[in-house]
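Reading through the C-alpha cells given below for one structure.
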Amino acid sequence: MTTLHIAGEWRAAASGETREITCPADRSVVVTVDEGGVADALEAVRAARRAFDEGPWPSTPTPERAALLTRIADRLERELEDVARLEALDTGKRMVEARLDMQDIVAVFRHFASLAQAEAGRVIDAGMPDISSRVVTEPVGVCALITPWNFPLLQTAWKVAPALAAGNTFVLKPSELTPQTAIWLVRALTEEGLPAGVANLVLGPGATVGAAMTSAPEVDLVSFTGGLETGRTIMAAAAGTVKKIALELGGKNPNIIFADADLDAAIDNALTAIFLDSGQVCSAGSRLVVEESIHDQVVDELVRRAPAIRMGGPFDESAETGPLISDGHRDKVEAHVAAAVAEGAVLRCGGERPGGALSKGSYYPPTILDGCTSDMTCVQEESFGPVLTVETFSGETRDAAEDAAIAIANDTIYGLTGAVWTQDAGRAERMARRLRHGTVWINDFHPYVPAAEWGGMKQSGIGRELGTAGLHEYQETKHIWHNTRPARAGWFHDPQG
Ligand code: NDP
C-alpha cells in the first residue's frame, strides 16, 4: 500500500524510503509507510496550487462542500471502531480515549458543514442609491497543514474540515510518529468525491517536508499545532512570502483552587486535568495553584490517588491511562523532573519509570512536584507529560487572595487554558475575566464544544480553531463596490475642457 497522496494519486516517496511505525505501548511495529522528502512536498504543493487555481473546488457551491463534510462524518461513525484502533496503535492511547476522539471528530465535521452554510456575506447600505456594496468571503488558497502526535486525527480535523468548508486546497503533513488516521482521512475524502489535487498528503520529517511546505511560495496559509520552538521556526519560514499563519503551541495551564471550592470535585478534576492522556495535552492543568490554607488537604489527597492510576496499553480494559508517545519523549519528561528536583521542587510521588510488564513500553507514572514557585523552570516550561507542579497563594482579604492567585496564574509566557474552583459566583466571574488564557473553565476542566473558539493568548499561539473564527482563519474577506451609474470622478482637471 502506498501512502503519499499527490495530485489524486497514491504513490511511494520519490526517494523510495519507508518508515516503520511502532506502538509506544509495547514497541511493536504496526505498519510501514512511505517516508516523503522535499521533492514530494514540493510536488504536493504544486498539485494543491493547480487544484486551487484551476478548480473546481474553490467555486463548488457551499452546500456541496458541506455535503462532503457530512459524508465524512457519517463514514467515520460507521468505521469508528477501525479508525479508533489505528489511532490507538499509533499513539498507544487506550481504545476508550481513541473512541472519544473519533466522536469529537464527527462533531467537528458536522459543525463546519453547518457553519459553512450558515455563514453569509454582508450587504453594506452605503446610503447611495447607485452603489451596491457587499462583503464576501473567499478561500485563502493553498494551505499547509502540520499536525502533532497527541490527538492526531482530531487536530487534523480541526484544520481539514474548515479548510475544505471554505473551499481551499491543502497539503497535510501529520506527525511522522502517527500517520495512520491521516491516511484514512485522505482516502475517505477522495472516495467520497473530493476532486484530485484538493487533498494532498505527504508523510515525513518536519525538518525536511514541513520546512519545504512552510517556505514554498505557492502556499498561502500555514496552520500548525505543536511545540513552541517549532512554531517560531514556522513563523520565520512563513515570513518570506508573508503567508497567513495559525499557530496552536501549547500551554502551562493554571488550575486554581480556592478554599471555598467544592473540594471533592476540585481534587478529582485536578487529577483528570493533568493525568488524562498521560499529560500529553496542550491544555492540561499542569500547574496546580492552591490556596495555602487547604494545601495539605488537597495535595495529600492527590498524592494518595495519583500512584493508584493504572497504566496500560490500548487494549488493556483495566488501564486508566497509557504510555508516552516515545522513549525519546519519556527521556525529556524524565529530565524535566530531575531538573525540577535539582532546583528545589519536592517530589511527592512518581518520578520513576515503572518496571515489570510496563517496561516494554514508554510509560511514565503520574508525578507530583510540590513546593514550587513561579520562577522555577519546571513551572515555566512544558513537560508535556504526567507532571503536576504545585504552587500556593494566600491573601488576608478576599481581594488580596484573588490578586495573589492571578499573579501566579498569569505569570507564564503561555495563555492557552486556565481553571478556577470556587463556590463564590462573583469571584469566579472576576477570576475568569482576569485570567489571560484563551479558554477558562469555572468549576470544571477539559470540556470543549466545536461551536466555541479554541486557541491561545501570548505565546500559546496565533488565531483560533473551531467556533466561527476557526472557519474565518481559512477565508479571505473581500469588499465589492459596484457603481451602477458610472460617472467621471472629476478630481483632476481635463486640459481639453
Ligand atoms: P513538534 O512541534 O516538533 O511537531 C509537531 C509537528 O511539526 C510534527 O508534524 C513535526 O514533524 C512538525 N515539524 C517539526 N519541525 C518542523 C519544521 N521545521 N517545519 C515544519 N514542521 C515541523 O513537536 P514534538 O513532537 O517535537 O514535541 C515537542 C514539544 O512540543 C512537546 O514536548 C510539547 O511540549 C509540544 N507539543 C505540543 C502539542 C500541542 O498540542 N500544542 C502537540 C505536540 C507537541 P515530525 O513528524 O518530524 O515530528
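Whatever order the structure lists them in is the order used to number ligands and atoms, beginning at 1.
- The side-chain hydrogen bond (donor to acceptor under 3.5 Å, both in side chains) check on K173 picks up nothing, with sequence neighbours excluded.
- Between the side chains of S460 and K458, no donor N or O sits under 3.5 Å from an acceptor N or O.
- Listed by chain and number, I146, T147, P148, W149, N150, Q155, K173, P174, S175, E176, G204, P205, G206, G210, A211, F224, T225, G226, G227, T230, T233, I234, E248, L249, G250, C282, H329, K332, E382, F384 each place a non-hydrogen atom less than 4.0 angstrom from ligand 1.
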> Given the rule in the side-chain contact (heavy atoms from CB on, under 4.5 Å) test, do H437 and N410 qualify, once you have shown the distances and angles that lead to the verdict?
Replying inline: CA-CA 8 Å; H437 297 268; N410 285 344; 3.6 Å; yes

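- Listed by first then second residue, pairs satisfying side-chain hydrogen bond (donor to acceptor under 3.5 Å, both in side chains) with a partner in residues 380-393 read R287-E391, S374-E391, not counting sequence neighbours.
- Using a 4.0 Å cut-off between a side-chain N of Lys or Arg and a carboxylate O of Asp or Glu, R49 and D220 qualify as a salt bridge.
- Residue pairs meeting the side-chain hydrogen bond (donor to acceptor under 3.5 Å, both in side chains) criterion with at least one member in residues 347-360, sequence neighbours excluded: D300-R348, D331-R353, E334-R353, R348-D370.
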